[in-house]
Amino acid sequence: MSEKMTIARLKKFGQTFEISVDADKALDFKQGDISDLREVLLADNIFSDVKKGLIAPSESLAKAFETTEVAKVAEVIIRKGEIQLSSEHRSADREQKRKKLIHLIHQQAINPATGLPHPSARIEAALEEGKIHLDDHHTLEEQFDSIISKLRPIIPLKIEQKQCVVIIPAIYAGKSYQSVKDGCKVLQEEWKSDGSWQVKVEMPAGRYQDFIDKLNSLTHGEVEIKEV
């Protein structure tokens, strides 16, 4: 088995289903950093045993996954199963998840005393002080609320949402569209007769300033933003 090749495995109804994957890409897919399974799979089959080359019977797939489509089955195996990783990969994965956690807290939580996000270094120090670690068997999102609860006795944290109405001139609307929707919840939108785009969004208060800065950069300061 090559250094990059590994096995993702899931057991259902007493049977084992395996796929051959690129270790790094499989982790990226599971964490939502990439969405194209073609980058992940190293073989277009679902196996009962990858090392022996034993392909899982179609009837077993249909029973366990209610489909025999390789892509759909593979996605379930990666998201819900176990990815066999070397100790180096596990260590790198933990570090990546930790950095993502710190970034997420920085974006979504504020210091209620200042109304501003805590610096990333302060969040990292609080995690170390509280000996707070991520559970490898659960996604970051599944653990986020409990981690916030554990951090609150160490640093003041408040998860606050902010709403605003954005009006983007027609000339910049197209290239700004995805940037507005990334990381925001769109509550209402309208295309004006002059081609401008008006959209009401909600986002974690901690990322509000970054959102404003990004839109000002994309529109050369011509965006109009009104807090709700």
Side-chain angles (χ1 to χ4, degrees), residues 3-4 6-12 19 21-35 37 39-40 74-164 179 181-186 201-214:
E3 183 181 346
K4 286 252 180 179
T6 193
I7 296 169
R9 178 183 296 122
L10 179 66
K11 290 187 177 181
K12 292 193 78 172
I19 51 176
V21 296
D22 178 296
D24 296 327
K25 296 291 178 65
L27 289 173
D28 288 343
F29 185 88
K30 190 165 188 172
Q31 292 164 7
D33 296 327
I34 62 173
S35 58
L37 266 174
E39 297 182 45
V40 180
E75 181 172 354
V76 174
I77 292 173
I78 293 171
R79 294 199 186 282
K80 296 186 176 181
E82 179 187 4
I83 301 173
Q84 303 293 307
L85 298 173
S86 65
S87 58
E88 291 82 3
H89 266 107
R90 282 195 296 272
S91 178
D93 182 43
R94 285 193 198 100
E95 182 59 26
Q96 186 177 357
K97 279 185 179 177
R98 186 175 176 84
K99 287 179 179 177
K100 190 173 180 180
L101 169 65
I102 292 167
H103 180 66
L104 201 61
I105 295 170
H106 176 73
Q107 280 196 326
Q108 295 198 14
I110 60 170
N111 181 342
T114 64
L116 297 171
H118 286 285
S120 296
R122 181 68 189 97
I123 296 168
E124 185 171 14
L127 288 169
E128 291 178 5
E129 183 181 337
K131 295 181 172 57
I132 300 167
H133 303 288
L134 284 163
D135 184 339
D136 292 342
H137 301 294
H138 296 279
T139 66
L140 193 159
E141 289 73 17
E142 289 171 341
Q143 303 173 66
F144 186 76
D145 289 344
S146 66
I147 288 171
I148 292 294
S149 297
K150 292 174 185 175
L151 277 173
R152 281 198 171 111
I154 304 169
I155 54 173
L157 289 172
K158 182 179 179 183
I159 304 293
E160 186 175 274
Q161 297 293 314
K162 205 172 189 84
Q163 293 184 5
C164 65
S179 294
K181 294 210 166 187
D182 284 346
C184 293
K185 180 181 180 182
V186 173
V201 296
E202 183 178 76
M203 73 199 76
R207 72 178 301 270
Y208 183 65
Q209 190 58 51
D210 287 342
F211 176 77
I212 292 173
D213 293 344
K214 188 170 187 178

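- Applying the side-chain contact (heavy atoms from CB on, under 4.5 Å) test to Glu39 and every residue at least two apart in sequence or in another chain returns Lys25, Ile34, Asp36.
- Every salt bridge (charged side-chain N to carboxylate O under 4.0 Å, His left out) that Lys162 has, sequence neighbours left out, goes to Glu227.
- With sequence neighbours left out, Gln84 forms a side-chain contact (heavy atoms from CB on, under 4.5 Å) with Thr6, Ile7, Arg9, Glu82.
- For the side-chain hydrogen bond (donor to acceptor under 3.5 Å, both in side chains) condition, the pairs that include at least one residue of residues 98-122, sequence neighbours left out, are His103-Gln107.
- Here Arg94 pairs with Asp136 under the salt bridge (charged side-chain N to carboxylate O under 4.0 Å, His left out) rule; sequence neighbours left out.
- Taking CG of Leu104 as the start and CD1 of Ile148 as the end, the distance is 8.0 Å to the nearest 0.5 Å.
- Annotation: side chain to side chain donor-acceptor pair (under 3.5 Å) contacts of Glu75 (sequence neighbours excluded): Arg79.
- Contacts of Gln161 classified as side chain to side chain donor-acceptor pair (under 3.5 Å), with partners at least two apart in sequence or in another chain: none.
- Asp24 is linked by a side chain to side chain donor-acceptor pair (under 3.5 Å) to Lys4, His89, counting only residues two or more places apart in sequence or in another chain.
- Val76 is linked by a side-chain contact (heavy atoms from CB on, under 4.5 Å) to Leu10, Phe65, Lys80, counting only residues two or more places apart in sequence or in another chain.
- Annotation: side chain to side chain donor-acceptor pair (under 3.5 Å) contacts of Lys12 (sequence neighbours excluded): none.
- Among residues two or more places apart in sequence or in another chain, the salt bridge (charged side-chain N to carboxylate O under 4.0 Å, His left out) test is passed with Lys158 by Glu160.
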